[in-house]
Amino acid sequence: MVIRSYPKVELALLYFPDSNPRVAVNHLNDWIKRCEPLFVALEECHQSRYAKFWSAKAVRLIVDYLGEP
């Protein structure tokens with residue numbers, strides 16, 4: 001997986017390829033909320049949960065905590 005900035009929908013669909021886009025984003029957000037260290041790390045790197053894109057730094061954190069899609 002290439003670590004770069006991703007639209008939230010695109011990254012979510014990598015993790016949940018058989019879901020529709022909105023459901024995939026909701027599932028990924030649920031995983032992030034359940035992983036408290038990841039949630040805190042994303043807040044510390046100033047990644048807004050309302051942003052349309054994940055920064056490359058945020059993607060690295062997500063992959064580090066959740067594994068590659």
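None of the values given here were measured: they were computed from a predicted structure. For reference, positions follow the sequence shown, starting with 1.
Residue Phe16 is grouped with residue Leu11 when hydrophobic side chains (ILVMFWY) are merged at heavy-atom distances under 4.5 angstrom, including chains of intermediate members. Hydrophobic clustering (ILVMFWY, side-chain heavy atoms < 4.5 Å, transitive): Tyr65 and Val63 are in one cluster.
Note that CH2 of Trp54 is 4.0 Å distant from CD1 of Ile62, once rounded to the nearest 0.5 Å. Remark: Leu14 CG to Leu28 CG distance equals 10.0 Å, nearest 0.5 Å. Taken from CD1 in Ile3 to OG in Ser55, the straight-line distance is 10.5 Å, to the nearest 0.5 Å. Going from atom CG of Asn26 over to atom CH2 of Trp31 covers 13.5 Å, rounded to the nearest 0.5 Å. Once rounded to the nearest 0.5 Å, the distance linking CD of Glu68 with OH of Tyr15 reads 7.5 Å. We find the CG-CG distance between Asp64 and Leu38 to be 9.5 Å, quoted to the nearest 0.5 Å.
Residue Val23 comes nearest to Asn20 through the heavy atom pair N-OD1, 3.0 Å, listed as atom of the first residue, atom of the second, then distance. Pairing each heavy atom of Ala41 with each of Leu61, the nearest pair is O-CD1, 3.8 Å. For the residue pair Lys8 and Ser48, the shortest heavy atom distance occurs at NZ-O, 3.4 Å. Nearest heavy-atom pair across Ala58 and Leu42 is CB-CD2, 3.6 Å. In this structure, Val59 and Met1 approach most closely via the heavy-atom pair CG1-CE, 4.0 Å.
Ser5 contributes no side-chain N or O that, together with a main-chain N or O of Ala56, makes up a donor-acceptor pair within less than 3.5 Å.
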